[in-house]
Amino acid sequence: MAAAETASGYIQHHLTNLTYGQHPVNGWSFAHNVREAQEMGFWAFHVDTLLVSVVLGLIFILLFRAAAKRATSGQPGGLQNFVEVLVEFVDGSVKDTFHGRNALIAPLGLTIFVWVFLMNFMDLIPVDWLPLLAATLVGDPHLYFRVVPTTDPNATLGLALSVFALILYYSIKVKGIGGFIGELTLHPFGSKNILIQALFVPVNLLLELVTLVAKPISLALRLFGNLYAGELIFILIAVMFSGGLLLGGLGIVLQWAWAVFHILIIVLQAFIFMMLTIVYLSMAHEDNH
Amino acid sequence: MNINATLIGQSVAFFIFVLFCMKFVWPPVITALQDRQKKIADGLDAASRAARDLELAHEKVAQQLRDAKGQAAEIIEQAKKRGTQIVDEAREQARVEADRVKAQAQAEIEQELNSVKDMLRAQLGSLAVSGAEKILGASIDQNAHAELVSKLAAEI
């Protein structure tokens, strides 16, 4: 806990994931510190991120499945009402933005919205509660445990790259390989003269590739940046609790104020992620070049 | 803050959740929603249709009422007419009957009168004959004077 450690150690502890991977010396094991985690390289897993996100995903899926199973066109119950509000909201957003016919887009949007919201929501739980619970359960007081999956760039990048894969898949499926390459090379600069057009191709390719790659990167970093900053501020406020009565009292007020403000951010970021996914996929479906 | 295989795990989980959502969550909910929308639309339709029907029924009722009133007035008119007609006919019949009875009675009276006259005439004849017998004191031969007597009787 905070009182037992230095402030920077406390913050560092809170920003380190529980990593399981192949260490060059220790083999497959949990990393005991930041350096060991770094030495594991790419083939390592953040167990806390995966565990929390999968548990939250299961909560989403099972809750909505329970509502869907009992869905009736008659008078809806409380849970069905709640689910219907979200479904209608997502369906409306998709219909406004996405004009093709694709049965995947709306469920994709719903999954992103609710799942990202739930992952973001972990941010509102006081920073020490769940790590303390995990540490108590495992019996290791120094257990690393990061509760908010979306403050882990791996989680947001995983989502963004999945969306990126869908963008590529649908671009090629709708426009064909040739159409997709054409979109990347014959645009924005075009000319009737074939020779001049050939000169434009590398320029266009460069511009379009940057545009294309910027999509998943911006998706991932926007969500990560917002949540990471929010989490960091919660941690800083939590540090104040160990700084005496006055500072602690101020911390309580700040904690409350930041949490209220954060309610807006977590919903907004979930919505933005969903909306941009829909927009990107809508662009992937449009064949107008 | 290492980039590592977590992102693969995250992607796999993501796709599984999306597919589950697409197969088992989205269709029932959206079907229920659309069904309800249809139900509500149908209900509103039926309500407006019923309102129109009601209006038509009101109009029809009013029309029928007007018709019935007209018919009733016509029937009453006819009945009145028929009533006066019947009274007139009865009066005429009575008059004719009275005339007939009167004529018959007159005829009977006439006949009676005639027969009485005849009788009186005959009796007067015989009275005259018997009176003449008495005056003459002798019997007159009935047969011889029969022609004379009947001549006398005819003159009276």
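Side-chain atoms are counted along with the backbone in the values below, which use heavy atoms only and exclude waters and symmetry mates. Note on naming: letters A, B, ... go to the chains in the order of the sequence lines (proteins, then strands), and numbering restarts at 1 for each one.
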Novice: Applying a heavy-atom distance below 4.5 Å, give me the residues of residues 96-106 of chain A that approach chain B, sorted by number.
Specialist: A103(A), L104(A), A106(A)
Novice: In terms of heavy-atom proximity below 4.5 Å to chain B, should L166(A) be classed as side chain, backbone, both, or neither?
Specialist: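 Just its side chain gets close to chain B.
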Novice: Donor-acceptor pairs under 3.5 Å, side chain of residues 13-30 of chain B to any protein atom, not counting sequence neighbours: which ones?
Specialist:
none

Novice: Between Y20(A) and chain B, with a heavy-atom cut-off of 4.5 Å, which part of the residue counts as in contact: side chain, backbone, both or neither?
Specialist: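 Looking at Y20(A), nothing touches chain B.
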Novice: What residue pairs, at least two apart or across chains, pass salt bridge (Lys or Arg N to Asp or Glu O under 4.0 Å) with a residue in residues 24-52 of chain B?
Specialist: E84(A)-R36(B), K38(B)-D42(B)
Novice: Any idea which of S162(A), A165(A), G74(A), P149(A) has the most non-hydrogen atom pairs under 4.5 angstrom with chain B?
Specialist: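 Highest number of heavy-atom pairs under 4.5 Å: S162(A).
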Novice: Any chance you could measure Q38(A), atom CD, to N4(B), atom CG, to the nearest 0.5 Å?
Specialist: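 The CG atom of N4(B) is 11.0 Å from CD of Q38(A), to the nearest 0.5 Å.
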Novice: Taking V83(A), D91(A), V90(A), T49(A) one by one, which has the highest count of heavy-atom pairs under 4.5 Å against chain B?
Specialist: D91(A)
Novice: Among A66(A), A67(A), P76(A), A160(A), which residue has the highest count of heavy-atom pairs closer than 4.5 Å to chain B?
Specialist: P76(A)
Novice: Rounded to the nearest 0.5 Å, what's the gap from OG1 on T6(B) to CG on L50(A)? Could you check?
Specialist: 5.5 Å
Novice: Taking everything shown except W28(A) itself, do over 12 heavy atoms lie less than 6.0 Å from its CH2?
Specialist: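 Above 12, so yes.
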Novice: Please enumerate all residues that pass ring pair (Phe, Tyr, Trp, His ring centres under 6.0 Å) together with F45(A), with sequence neighbours excluded.
Specialist: none
Novice: Distance check, rounded to the nearest 0.5 Å: L159(A) atom CG versus L7(B) atom CG?
Specialist: 10.0 Å
Novice: Measure the CD-CG distance between Q10(B) and D152(A) for me, rounded to the nearest 0.5 Å.
Specialist: 8.0 Å
Novice: Between T156(A), V163(A), L161(A), L58(A), which residue shows the highest count of heavy-atom pairs closer than 4.5 Å to chain B?
Specialist: L58(A)
Novice: Say you draw a straight line from OG of S73(A) to CD of Q34(B); how long is it, rounded to the nearest 0.5 Å?
Specialist: 11.5 Å
Novice: Below 4.5 Å from any heavy atom of chain B, which atoms of I61(A) appear? Answer side chain, backbone, both or neither.
Specialist: both
